[in-house]
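Numbering of ligands and ligand atoms starts at 1, following listing order. Treat the numbers as computed from the prediction; the structure is a model and nothing was measured. For the single chain, residues carry numbers from 1 onward in sequence order.
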Amino acid sequence: MSTLPAPSALDASTQAFPVLTSAQVDRVRPVGKLRKVEPGEILFQPDDIGVPFFVLLSGRMEIVQPGISGERLIVKHGPGEFTGEIFMISGQRCLVSGRVVEAGEFIEVSGDGLRSLVARDAELSEIFMRAFILRRLALISQGFGNVVLMGSRHSANTLHLREFLTRNAHPYVYIDLDTDKASQELLDRFEVKMSEIPVLVCNGSTVLRNPTTQQLADCLGLNVSIDQSQVRDVIIVGAGPAGLAAAVYAASEGLDALMIEADSPGGQAGSSSKIENYLGFPTGISGQELSSRSIAQAQKFGAKMMIVHSVVRLGCTHRPYELVLDNDSVIAGRSIIISTGAQYNKPKIENLKKFEGQGIYYGATFIESQLCEDDEVIVVGGGNSAGQAAVYLAQTARKVHILVRSRALSETMSRYLIQRITENPGIELHCKTEIVALEGDTQLERVTWLDKKTGEPSTHDIRHVFIMDGASPRTEWLQGCVALDNKGFILTGRDLDDPTGIAPHAAWPLTRAPQMLETSLPAVFAVGDVRSGNVKRVASAVGEGAIAVHLVHRALADP
Ligand SMILES: Cc1cc2nc3c(=O)[nH]c(=O)nc-3n(C[C@H](O)[C@H](O)[C@H](O)COP(=O)(O)OP(=O)(O)OC[C@H]3O[C@@H](n4cnc5c(N)ncnc54)[C@H](O)[C@@H]3O)c2cc1C
């Protein structure tokens, strides 16, 4: 067997491409059918959907990826080995070709057959899931993707598309036009204008100029397996930690669950460089890793996910409830879990929008940290997300300035972060200080801040500002359907009884009382940061997502 090198995990090459024992193979047989194969037979190819899973009993096959410069061999499979990668469980399009090179007999298993097998056979589930995830990681690290992105650090959309591909764990090759002169010349010859950068080559054929994430998702077929006409048991709006947890529990408990996510999965936590207080990860875990593991887990149990589509309206006058999407399509659900979280507050500073992605960032992940290596940066905000960003960026930046409105960090930040900040010589704290001006041509070049203690403004040649300044609930799409508190967060359970609440309990239409986490609409639940009274932590979002599913079962049993 020759394999593409796997990532750093111990013994990853055998775990990515294990050989099943004959007893394990025997447990696959009942869900599949035997298929005789001949050399040259193509079993699947890029762009196929609904690709079956194969276990080789005899014979051999090779997995290759066709590319612009010819075919690349990824791996050869022999007896006892199996095909497959994350797309097997996500239902998305296949990235590779599978070709038989030696006649033999394979077990062919449909996607549904594989899902039912992993749901009841814990040992095989672990072997397959680990292999699929390691194979995807290897594809990502080797750039064995079906996407080539040619971009520039001076283009905000390049950053956006890179983040989108990374957060969707989609392998891609990045060509930096700022350093790769040959590629720049190629684009010049094809008269690609500055405004058309980044250029994206999708599936080796379609060329997209400065595409939206929606166009990219369509080109990659990331939403192809979603049947929009089906009335779902539960629709989960928002795929942050709360929504992902709800999807895992709903699907694992046999509910037909669909998640709808406006951007890429992971939510606010997905933009965290390291979450250190989530149970079970003593050395911390990046938001990106936590969300990609959760997506795989949800999809393993059969949850479906539609990305880059916002829900713009809730049809709440009759049941099943109807969710209207940004493309005007409508999806119906017998119950709804609202997990739309919160979005960053944007301080009122002139030119803020102009420099978004060109010096103004709302997340501090690996990609942003690369952009400001060895530069000075500013982090705005005094909460934990700002503290984490400052500590993370201090590893690569020349200097980090934290700007906070309050007198001291102790009013808003956890002690462990304050200690790391005060002990780090690369971080300087400026209390009672606010940005008052941003300047630059296309890229941010200078920042002026005002020290309110002295009343003195000062201007600095700083090209990167990270805004981590609190967040507001994303409830605008609910348009009066559910009761909100006076800050716009969703009221649930006993909070609906509050006589000072905007919608008192009297608005509740059933004889039974609303359940914990249930909104003023029966069978519509709110979880995570969007819920009034939630404590704004990953753990509480995850916990509420899990509890809501338990309550959905009860609400669905209502007469
Ligand atoms: C940088 C940073 C670091 C953090 N670090 C920590 C930490 O270390 N520990 C900790 O416990 N907490 C941390 N937090 C807080 C934690 O991330 C949040 O409490 C958690 O993400 C809330 O999860 P959620 O699922 O409720 O909402 P969110 O994470 O906000 O997710 C909501 C999702 O809903 C989607 N959405 C919104 N509106 C719509 C719509 N109309 N249609 C479809 N989709 C929609 C959004 O795109 C988003 O993906 C951090 C937050 C940030 C920003």
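For a heavy-atom separation below 4.0 Å, the residues in contact with ligand 1 are V237, G238, A239, G240, P241, A242, I260, E261, A262, G267, Q268, A269, S271, S272, I275, N277, H309, S310, V311, S339, T340, G341, A342, Y344, S385, Q388, R474, W477, G528, D529, K536, R537, V538, A541.
Annotation: cation-pi pair R93/F87 absent, no NZ/CZ under 6.0 Å from the ring centroid and within 45° of its normal.
When atom types are taken as modelled, the side chain of T475 and the backbone of G488 share a donor-acceptor pair closer than 3.5 angstrom.
Taking 4.0 Å as the cut-off between side-chain N and carboxylate O, E356 and K346 count as a salt-bridged pair. Residues R537 and D529 are not paired through a salt bridge, judged by the lack of any N-O separation under 4.0 Å between the basic side chain and the carboxylate. With respect to the salt-bridge test (charged N to carboxylate O, under 4.0 angstrom), the residues R398 and E376 qualify.
Tested against S271, the residues Y362, Y361, Y344 include a single side chain to side chain donor-acceptor pair (under 3.5 Å) partner, Y344.
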